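The structure under discussion appears below in the form of structure tokens.
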There are 2 protein chains.
Amino acid sequence: MNPATRPTEIVSSAHDRVYRGLRTRIMLGQIAPGEALTLRGIGKEFEVSMTPAREAVRRLVAEGALSMSSSGRVQTPELSNERIEELAALRSLIEVELASRALPRAHMALIDRLQTINGTIAEVVRDRDAVGYIRSNLEFHRTLYLRAQAPAMLAMAETVWLQLGPTMRALYGRLRRSEAPQFHRLIIAALKAGDEPGLRLAVRSDVTQGLKMLAS
Amino acid sequence: MNPATRPTEIVSSAHDRVYRGLRTRIMLGQIAPGEALTLRGIGKEFEVSMTPAREAVRRLVAEGALSMSSSGRVQTPELSNERIEELAALRSLIEVELASRALPRAHMALIDRLQTINGTIAEVVRDRDAVGYIRSNLEFHRTLYLRAQAPAMLAMAETVWLQLGPTMRALYGRLRRSEAPQFHRLIIAALKAGDEPGLRLAVRSDVTQGLKMLAS
DNA sequence: ATCCGCGTAATGTGATCACAAATCGGGGCG
DNA sequence: CGCCCCGATTTGTGATCACATTACGCGGAT
């Protein structure tokens with residue numbers, strides 16, 4: 001609390017801890033759409049003052065992960081159907097490109113890793129663990145896209161995930177599925193075969209699939 | 001994230017004035033790549049304390065418009081060639097989609113407006129006014145994309161412009177051109193004809209054209 | 001019972017301060 | 001003459017505070 005009393009640990013700055021904490025919580029859908037947050041509440045939870053809390057919140061607002069009313073009140077955004085469609089289209093555009101760039105760099109170790117993650121997904125789906133599902137699903141995509149060696153594109157994709165986080169939870173909550181995602185298997189098959197058109201189609205399908213039914 | 005999505009703000013708060021001031025300056029390339037900024041300096045310039053200056057800077061860092069060293073020092077980023085290529089690819093992906101969505105909504109008034117802006121571009125090019133060129137060029141694109149009715153996509157595109165701002169200036173400074181951009185005329189022609197493939201190609205060419213020679 | 005006001009509590013904003021770390025300068029040593 | 005070290009200054013960070021504004025709940029009037 002008091003800077004003088006805090007031990008001199010090698011620790012990332014306060015606002016960064018707050019930022020990362022809130023970010024993963026939002027991206028994993030652990031905050032419901034429309035839920036309100038207060039600076040003092042955040043500061044209390046992370047044991048910091050208002051200043052780092054405000055900076056973390058401002059950053060998340062800039063990234064579209066939180067929305068801010070004209071009075072400065074902050075909450076997770078409730079997305080309109082039009083906005084969801086836009087974000088899904090953006091995911092499709094960017095992630096298809098990322099997958100395409102990752103394809104020539106994909107080797108067996110990567111495919112093995114993807115299959116392992118897919119196994120984890122099957123487990124959490126069986127357990128009806130929505131947060132675990134979102135986490136594993138994002139890990140699957142991120143693992144693939146990291147091979148593209150395109151940090152700016154990956155950052156853009158993650159920003160889109162962030163904006164979709166709260167509604168994603170709502171989606172997978174109502175989704176009655178019991179099997180591992182079929183499109184992930186198609187992605188892996190296309191990677192193995194070096195089939196770029198097939199990969200692009202599989203990624204686009206995987207990205208679009210779930211979000212379509214949210215617009216109903 | 002961008003002014004279009006921000007709710008109606010009656011009075012601009014201090015940090016917002018600082019943010020917008022720095023943002024347009026960066027996007028127009030009025031700050032050289034690698035130029036350093038200090039919080040106290042910014043605060044003094046905008047006649048505010050460090051607090052709003054810090055918030056504005058943090059927001060711009062989150063958007064990739066500024067880079068921050070581990071010690072917290074802030075400066076405009078010096079982009080590597082790989083990153084420039086990535087950002088150009090992102091511009092191409094997003095803006096082609098925006099243009100495509102704007103096409104069915106484009107009517108004569110819009111085309112007239114675009115032609116007027118193109119005339120302005122011809123003027124500033126004749127005067128060797130780099131900042132004026134960037135401003136008019138962005139206005140051309142934004143005017144077209146606003147018709148797409150896709151605020152999330154437009155925000156993404158503007159974020160990419162922001163990241164390219166400082167290097168854009170360097171590019172157009174060394175570019176020895178004296179005529180209005182040819183691809184803008186192709187865009188307008190495709191809009192008039194309702195030719196979607198032609199429009200997509202023209203936008204992609206316009207976006208890629210300039211940035212390619214920066215990677216030399 | 002419902003709706004409207006009003007007062008209190010809560011919240012965001014911005015300024016200021018203390019502190020630690022980094023940066024830059026000059027002076028001394030090799 | 002060049003390099004390194006050390007001190008002063010600059011700079012970012014985070015806490016605290018005062019203030020304006022907003023949201024909320026309680027009470028009364030219709």
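Since we're looking at a predicted model, the values are computed, not measured. Scope of the values below: all heavy atoms of this structure, side chains included, with no hydrogens, waters or symmetry mates. Sequence lines set the chain letters: A, B, ... in the order given, protein chains first and strands last, and positions in each chain run from 1.
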(request) May I ask you to verify whether the side chain of B/Thr51 and the base of C/dA15 hold a donor-acceptor pair under 3.5 Å? (result) yes

(request) Take atom CG of A/Leu39 and atom C1' of D/dC17, then tell me their distance rounded to the nearest Å. (result) 15 Å

(message) Salt bridge or not between A/Glu82 and B/Arg101? Use side-chain N to carboxylate O under 4.0 Å.
(response) no

(message) Please report the interatomic distance NE2(A/His141) to CG(A/Leu154), rounded to the nearest 0.5 Å.
(response) 12.0 Å

(request) Assess whether one donor atom and one acceptor atom, taken from the side chain of A/Arg73 and the base of C/dG12, lie less than 3.5 Å apart. (result) no

(request) Report the distance from atom CD of A/Glu47 to atom P of D/dA15, rounded to the nearest whole Å. (result) 11 Å

(request) Name the residue closer to the 5' end of DNA chain D, choosing between A/Met50 and B/Gly41 according to the nucleotide with the nearest heavy atom. (result) B/Gly41

(request) For the residue pair A/His184 and A/Phe140, categorise the inter-ring angle as parallel (less than 30°), tilted (30 to 60°) or perpendicular (more than 60°). (result) parallel

(message) In this structure, how many angstroms lie between the C1' atom of D/dT16 and the CZ atom of A/Arg40, rounded?
(response) 11 Å

(message) Would the base of C/dG14 count as contacting A/Arg54 through its side chain, where contact means a donor and an acceptor less than 3.5 Å apart?
(response) yes

(request) Using whole Å, report how far CG of B/Asp16 lies from P of C/dT13. (result) 10 Å

(message) Please classify the nucleic acid contact of B/Leu37 as base, sugar-phosphate, or nothing, using heavy-atom distances under 4.0 Å.
(response) sugar-phosphate

